[in-house]
S.K.: 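Sharing a structure below in structure tokens format, with a few things to ask.
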Amino acid sequence: MAAVLRLVNRSILSSAMGQQYLTFSSAAKTKPTGVRPRHALPAKVKIVEVGPRDGLQNEKTVVATETKINLIDMLSESGLPVIEATSFVSPKWVPQMADQVEVMRGICRRPGVSYPVLTPNLKGFQAAVEAGASEVAIFGAASELFSKKNINCSVDESLQRFDEVMKAAREAGVPVRGYVSCVLGCPYEGKVSPAKVAHVAKCLYSMGCYEISLGDTIGVGTPGSMAEMLEAVCKEVPVSALAVHCHDTYGQALANILVALQMGISVVDSSVAGLGGCPYAQGASGNVATEDVVYMLHGLGIQTGVDLSKLMDAGAFICRSLNRKTSSKVAQATCKL
Amino acid sequence: MGNVPTTVKHCLSYDQLLRDYPWLKRWLLEEKTITDHEYPKYVKIVEVGPRDGLQNEKLIDMLSRTGLPVIEATSFVSSKWVPQMADHTDVLRGLHRAPRVQYPVLTPNMQGFQDAVAAGATEVAVFGSASETFSKKNINCSIDESMLRFEEVINAAKEQHIPVRGYVSCALGCPHEGHVEPSEVAKVATRLYEMGCYEISLGDTIGAGTPGSMVKMLQSVMKEVPVSALAVHCHDTYGQALPNILTALQMGVSVVDAAVAGLGGCPYAPGSSGNVSTEDVLYMLHGMGVETGVNLAQVIEAGDFICSALCRRTNSKVAQAQGRSL
């Protein structure tokens, strides 16, 4: 463990001293066609930790409220700026999140850290605010079939349903984050057009969402499709309001995140220990592991404010509670569990 | 727009121009993918699974049919150090060589080289290290001493018109020394290249590298060795292999080492779990429109086979996603 941290620290130091390497500009001179990145890499990246919600929701084992609260508190200690705490979707649909109110009331809110919650409708929003939520999230899909199968209505209809939530949030001064799923592929439709993703992202942004998280729900995306999709979306929504939510089902998440950063994205969703499998591919993994993302970002000299070793402690804790192995390669390499 | 001439109308409305001449958009390369400008059109995959600890003739045969252009068949190191390589002569002799596929073998010294040639080798590889400590612990001599050994092998190979590939291990970190200076990597790579290796594979032996350290290391090496002679051999120990490979491609590298099912790794690097899986690399490259000539489905089949044979779970996420875990 100490050896790894030494390696990580050394590479951070040398990366910080060599900022000019990040734009690959000198590499361009050696290659005839030239490498043309669209942006220099961001100096800072905001990590949105979705483990306690998206992660736990997609795990087979249901954990105790106490465990969830401990996890969130440990994550707060690690320096993560945003931690998705729970979901105010009806427990009838998502029993893993039935203790939503106790979780919200039980966590130690660290100053400067945001704890958004999912709110599918006005009722959920009201319950969330009552339980102390100060940021919420809504979601839309870039695939019509996915929308129909998931929430039984078209994409446009689903966005209309959120009108009430947006209005109430505006009145209460509560910021709203928007999620778009299936941005790089759909389990039912297959290919998803970048134009459709751009349309949904634009709708959410115009409705008042301060940030739009673009989710590769089944992890089929590659740097090729990621770049194509982001080019389309960036025409409609400013890149500073965009985030990427990559799944590692096909091992492409970190490569996709790197490309997104090169295109100006500076907000990345991830899940501690890579919690949350893929509900569409039996036995496959889902969310990208926060530890692995942080390792890459720090190696690039990008600041995240996260203490990797404290983050790994949180990951080890939740894996013990779930009685499962971590999906984070960094954690595997250091803990040898 | 009434009687305004068509050309003026088109000048005023680019959208109109595109509507009237739909082929124009394509012609202007507005629908270009990112592969047109930033990545090699073709990437050569060097399959290192069989050599890196998975000696199995049926595996090599299956891999030979996938379109992989290079398959490292075995290693002529002393079986005292690497017991699983003991039957290297049999493996090489028993190979069904597919046309247009190369089957290089590792030859750390003259003895190994002579044995390899006797067994029918047509391409060999030598293994240098960018870290002194790793060199001493791995092959029991200093970097300089190892270079002298390799020079012998390379000269003998030149006489027999046998191409030699050079490896540099610990290119992005050493299990003993920690950080490795890019200039040290460049030194070793340059020496191997100048001695006559046609290609230098830069290995992140412990997988600790990130796109940040990959860029710095490649920039240093590329000052001395042309990028067309470089390859990357990334380990996925910290999950960084694919972004590291992507970075290398962005810098012009067009040869990537990988191992089917992500099996195998350096037995001398403590904690080093693994080569990046060929399936995952192919998935990424094909998704970017980069050609490899390899059939991914057939590689997955080969991975399935070797995992069953070894009673091991695949390390390939692509294979796992397709329900191929043990």
Side-chain angles (χ1 to χ4, degrees), chain A residues 3-4 6-8 10-12 14-15 18 21-22 24 26-27 30-31 33-37 218-225 227-228 248-255 257-259 262 278 281-285 288-289 291-292 295-302 328-330 332-334 336, chain B residues 33-39 172-173 175 178-179 206-216 218-219 222-223 226-227 236-247 250-252 262 271-273 276-277 279-281 283-290 316-318 320-325:
Chain A
V4 168
R6 247 185 291 131
L7 276 173
V8 170
R10 281 182 200 185
S11 63
I12 291 170
S14 45
S15 301
Y21 295 120
L22 299 178
F24 304 56
S26 34
T30 57
K31 192 177 184 302
T33 51
V35 171
R36 291 201 297 271
I218 50 171
V220 290
T222 64
S225 52
E228 212 184 354
D248 205 37
T249 321
Y250 289 79
Q252 308 296 306
L254 287 186
I257 289 168
L258 182 63
V259 161
Q262 290 174 343
C278 179
Q282 183 71 267
S285 64
V288 67
E291 298 93 315
D292 299 358
Y295 185 90
M296 180 174 81
L297 296 177
H298 288 183
L300 281 163
I302 294 174
S328 153
K329 287 228 156 176
V330 170
Q332 283 167 24
T334 40
K336 298 184 181 57
Chain B
T33 65
I34 55 172
T35 60
D36 283 6
H37 296 274
E38 300 189 20
Y39 298 93
L172 295 176
H179 175 74
I206 51 169
T210 63
S213 53
M214 173 64 84
V215 169
K216 277 183 232 159
L218 282 177
Q219 284 188 322
M222 279 160 60
K223 285 187 186 132
V227 72
D236 205 36
T237 323
Y238 292 83
Q240 309 295 306
L242 286 187
N244 288 345
I245 289 167
L246 185 68
T247 303
Q250 287 178 346
M251 293 185 74
S272 166
S273 65
V276 67
S277 33
E279 298 92 316
D280 297 1
V281 172
Y283 186 90
M284 180 173 82
L285 295 177
H286 293 176
M288 288 160 56
V290 173
S316 156
K317 288 233 162 167
V318 170
Q320 283 169 28
Q322 310 222 331
R324 319 284 190 112
S325 30

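Quick caveat: nothing in here was measured; it's all calculated off a predicted structure. So that the names make sense, note that chain A is the first sequence line, chain B the second, and so on, each numbered from 1.
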S.K.: Looking only at heavy atoms and a cut-off of under 4.5 Å, which of A241(B), G209(B), P226(B), G239(B) has the most pairs with chain A?
M.R.: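 If we count pairs closer than 4.5 Å to chain A, G239(B) comes out on top.
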
S.K.: Taking D292(A)'s backbone N and O only, do any of them form a donor-acceptor pair with Q240(B)'s side chain (distance below 3.5 Å, no angle check)?
M.R.: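 Indeed, once roles are kept as given, a pair shorter than 3.5 Å links the two residues.
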
S.K.: At a heavy-atom separation under 4.5 Å, does L258(A) approach chain B through its side chain, its backbone, both, or neither?
M.R.: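 For L258(A), the side chain is the part near chain B, not the backbone.
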
S.K.: Quick check: closest heavy atoms across L300(A) and P211(B), and the distance to 0.1 Å?
M.R.: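 What the structure gives for the nearest pair is CD2-CB, 3.6 Å.
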
S.K.: Among all residues two or more places apart in sequence or in another chain, which pass the side chain to side chain donor-acceptor pair (under 3.5 Å) test with D248(A)?
M.R.: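 Per chain and number, D248(A) pairs via side chain to side chain donor-acceptor pair (under 3.5 Å) with K317(B).
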
S.K.: Check side chain to side chain contact (heavy atoms under 4.5 Å, CB included) between S277(B) and all other residues, then give those that pass, not counting sequence neighbours.
M.R.: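 E279(B), D280(B), S316(B).
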
S.K.: Might you point out which heavy atoms bring A255(A) and P243(B) nearest each other, and give the distance in Å?
M.R.: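 Here A255(A) and P243(B) meet closest at N-CD, 4.0 Å.
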
S.K.: Tell me which of these, L254(A), I257(A), L297(A), has more heavy-atom pairs under 4.5 Å with chain B than the rest.
M.R.: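 Most heavy-atom pairs under 4.5 Å with chain B: L254(A).
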
S.K.: Any donor and acceptor pair, going by atom type alone, linking the side chain of Y295(A) with main-chain N or O of T210(B) inside 3.5 Å?
M.R.: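 No.
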
S.K.: Can you say whether V288(A) sits under 4.5 Å from chain B via the side chain, the backbone, both, or neither, judging by heavy atoms?
M.R.: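 Neither; nothing under 4.5 Å.
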
S.K.: Considering non-hydrogen atoms only, spot the tightest contact between Y238(B) and V330(A) and give its length.
M.R.: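 Shortest heavy-atom separation between Y238(B) and V330(A) comes out as O-CG2, 3.7 Å.
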
S.K.: Taking side chain as everything from C-beta outward and backbone as N, CA, C, O, which of these in L246(B) sits under 4.5 Å from a heavy atom of chain A? Side chain, backbone, both or neither.
M.R.: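 Only the side chain of L246(B) comes within 4.5 Å of chain A.
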
